[in-house]
Amino acid sequence: MPRSFDNRFAARWTSGVLVIFALLGFGFGSWLGRIPALRDHLGASTLEMSWFGLSLALGSLTGLVFSGRTVSWLGPRRTLVIGIIGQTLMLPTAATLFWVDATAPAIACLVVYGLMFGTSDVAMNVSGAGAERALGKPRMPLLHAAYSLGSVSAMGVSAISESAGIIVPVHLGATYALILIVSIFALPNLPRGNFEDSASESLPNVHTGPIPVAPVTGGVPTPGARYSPWREPRILVIGLIAMSMALAEGTASDWLPLALADGRGFANESAALTLGVFFVSMTLVRIAGSWLLIRFGRVRVLRGGAILVIIGLVFVILVPFAWASVVGAVLWGVGCSLGFPVGISAAADNQATATRDVAAVSAIAYTAFLLGPMGIGFLGEHLGLLQAFWPLAAFSVFVFIMARAAREPRQGSGSAH
């Protein structure tokens, strides 16, 4: 097979999964952007709204737990086809049921939506890791930047929809119809089958690029049915590294504005803008992440990020000036931006077990998004939100110490285990 064909195949694969990342970010961001409108329509209390969030989280966590087997069985592309169709059906239906006060079936639809979203999230990460490996260059940071840009764009569209008086069911129905249509054009660029099948059958001579990655070759043995990533120490450590940085990201998303409003006297608008600065910083670094990883490698990127998170936390928690909180938010966002993408890339180093390894790391990391902020909120209730951020520094120290677990495999090695 000519090398130019290999490169074109890998480029199409990368472009297709990039679009999927952006679409899923746009879809979930659209839901988040219309939660205030839904609360106002229902007249729901904070406790009632938390039940809706818990239902979605329950579905997502269930999807994550079984995602390894699901994606291994169906392959990433078929999983995404089913997952996107399921999301298109479930979320607009849930919004419509909420709008007519059919709360119980609406919550059931949210659970199924969460299941579909969680499974699709793992599938796109598995496919993204495969595309990165096929291309021979780090691309996971860029893929996660696309997800972030999709989410931010959705917030803007949600604000416009709110101003225009478009009700939530109509907005979400149109959003997911668009996502489904665009997916029809993007998904055929993803290969059929699993990461391992695509790599060994379609890309026998992939250019490895300027960084040391395991070459994609045929004849890699498929692990037996007894293989479990949950018994692999390296995969568990990589999962905890990704989880630590995901916890830093999720905590800022959920609690930073409130902590600055209560602990530093920020106006609500200023606190929200500071969170915006955090997200912009994180997204810009993800866009530049491929260059950073080529230049410095995974270990130094992870250790540098951990140090920046710690410095940012010190600024936010200890320095009682508004400028220090903004600087701290920037450093915090820059520091945690690449932890999750690097963890996914590292999990895919062993071609023969990549699907299940990536699924396991994703499941561990997303636990931080789903459950971590609740723990921070509990600490904040007793210590104050600013002081409740200190555990993030401890997790960052863990990342600094254990970063070598994510190092690139030696050239010519088929596994990093």
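In the displayed structure, F378 atom CZ is contacted under 6.0 Å by at most 12 heavy atoms of other residues, nucleotides or ligands.
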Quiz prompt | CA sep, side-chain torsions, deciding dist, call: S228, R231, side-chain contact (heavy atoms from CB on, under 4.5 Å) | solution = CA-CA 6 Å; S228 172; R231 294 195 294 266; 3.8 Å; yes
Quiz item: When you look at F66 and T119, which way does the side-chain contact (heavy atoms from CB on, under 4.5 Å) test go after all the steps?
Solution: CA-CA 8 Å; F66 294 102; T119 306; over 6 Å; no
Quiz item: Do D349 and R407 pass the salt bridge (Lys or Arg N to Asp or Glu O under 4.0 Å) test, and can you show the C-alpha distance, the side-chain angles, and the key distance before you say yes or no?
Solution: CA-CA 10 Å; D349 282 340; R407 67 188 181 277; over 6 Å; no
Practice problem: Show your reasoning for whether side-chain contact (heavy atoms from CB on, under 4.5 Å) applies to I364 and W230. | Solution: CA-CA 10 Å; I364 294 170; W230 303 101; 3.6 Å; yes
Practice problem: Applying side-chain contact (heavy atoms from CB on, under 4.5 Å), run through V309 and L331 and close with a yes or a no. | Solution: CA-CA 6 Å; V309 170; L331 296 175; over 6 Å; no
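R77 places a side-chain N or O within donor-acceptor distance of the main-chain N or O of L190, the cut-off being under 3.5 Å. In terms of modelled atom types and a separation under 3.5 Å, the side chain of S270 and the main chain of F266 share no donor-acceptor contact. Under the 3.5 Å distance criterion, the side-chain polar atoms of S127 are left unmatched by any main-chain donor or acceptor of A123. Of the possible donor and acceptor atoms, none in the side chain of R295 sits under 3.5 Å from a partner among the backbone N and O of W291. Panel note: side chain N125, backbone D121; a donor-acceptor pair is recorded below 3.5 Å. Listed for the R133 side chain is a donor-acceptor partner under 3.5 Å among the backbone atoms of A348.
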Side-chain donor-acceptor contacts of residues 275-283 below 3.5 Å, not counting sequence neighbours, with atom names and distances?
unit_1	atom_1	unit_2	atom_2	d
S281	OG	V277	O	2.8
T283	OG1	F279	O	2.9

Under 3.5 Å, which donor-acceptor pairs link side chains of residues 390-402 to any protein atom two or more places apart or in another chain?
unit_1	atom_1	unit_2	atom_2	d
W390	NE1	Q387	OE1	3.0
S396	OG	L392	O	2.9

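Every residue meeting the side chain to side chain donor-acceptor pair (under 3.5 Å) condition with R286, not counting sequence neighbours, appears here in chain and number order: S148, E249. Every residue two or more places apart in sequence or in another chain that forms a side chain to side chain contact (heavy atoms under 4.5 Å, CB included) with L385 is listed here: W255, L258, A259. Every side chain to side chain contact (heavy atoms under 4.5 Å, CB included) that V285 has, sequence neighbours left out, goes to L292, V334, S337, L338. Residues meeting the side chain to side chain donor-acceptor pair (under 3.5 Å) test with S345, sequence neighbours left out: E132. Here S30 pairs with nothing under the side chain to side chain donor-acceptor pair (under 3.5 Å) rule; sequence neighbours left out. F26 pairs by the ring pair (Phe, Tyr, Trp, His ring centres under 6.0 Å) definition with nothing, not counting sequence neighbours. With sequence neighbours excluded, no residue forms a side chain to side chain donor-acceptor pair (under 3.5 Å) with Y147. Evaluation of the side chain to side chain contact (heavy atoms under 4.5 Å, CB included) rule for A288 yields no partner, not counting sequence neighbours.
Rounding to the nearest 0.5 Å gives a distance of 5.5 Å between CD1 of I84 and CG of L24. The CZ atom of R298 sits 11.0 Å away from atom CD1 of I241, with the distance rounded to the nearest 0.5 Å. Interatomic distance, W73 CH2 to S67 OG, rounded to the nearest 0.5 Å: 14.5 Å. Here the CD1 atom belonging to I238 is positioned 10.5 Å from the CD atom belonging to E232, to the nearest 0.5 angstrom. For the atom pair CG (L135) and OG (S15), the distance works out to 9.0 Å, reported to the nearest 0.5 Å. T88 OG1 to M116 CE: the interatomic distance, rounded to the nearest 0.5 Å, is 10.5 Å.
Between S120 and T79, the shortest heavy-atom contact is OG-O, 4.4 Å. Taking both residues in full, the closest heavy atoms of A271 and P257 are given as CB-O, 3.3 Å, listed atom of the first, atom of the second, then distance. Of all heavy-atom pairs between V168 and A95, the closest is CG1-CB, 4.0 Å. Scanning both residues, V316 and A329, for their nearest heavy atoms gives CG2-N, 4.0 Å. Nearest heavy-atom pair across L302 and A403 is CB-CB, 4.0 Å. Scanning both residues, I107 and S55, for their nearest heavy atoms gives CG2-OG, 3.1 Å.
Under the 4.5 Å side-chain criterion, counting only non-hydrogen atoms from C-beta, L110 is in contact with L91. No side-chain heavy atom of L115 sits less than 4.5 Å from a side-chain heavy atom of V111. Using a 4.5 Å cut-off on side-chain heavy atoms (C-beta onward), S161 and R34 make contact. Using a 4.5 Å cut-off on side-chain heavy atoms (C-beta onward), F389 and L313 make contact. M243 has its side chain within reach of L240: a pair of non-hydrogen atoms, C-beta onward, lies under 4.5 Å apart. The shortest distance between side-chain heavy atoms of I294 and P138 falls below 4.5 Å. When side chains are defined from C-beta on, L56 does not count as touching F52, because their heavy atoms never get closer than 4.5 Å. Taking the side chain as every heavy atom from C-beta outward, Y113 and Q87 approach each other to under 4.5 Å.
Ring geometry for F98 against W31 counts as parallel: the plane angle stays under 30°, on a 0 to 90° scale with 60° as the upper cut.
Sorted by first and then second residue, the ring-ring contact (aromatic ring centres under 6.0 Å, His included) pairs involving residues 156-182 (not counting sequence neighbours) form an empty list. Sorted by first and then second residue, the side chain to side chain donor-acceptor pair (under 3.5 Å) pairs with a member in residues 89-102 form an empty list; sequence neighbours excluded.
Exactly one residue among L293, V342, I344 makes a side chain to side chain contact (heavy atoms under 4.5 Å, CB included) with M140. That residue is I344.
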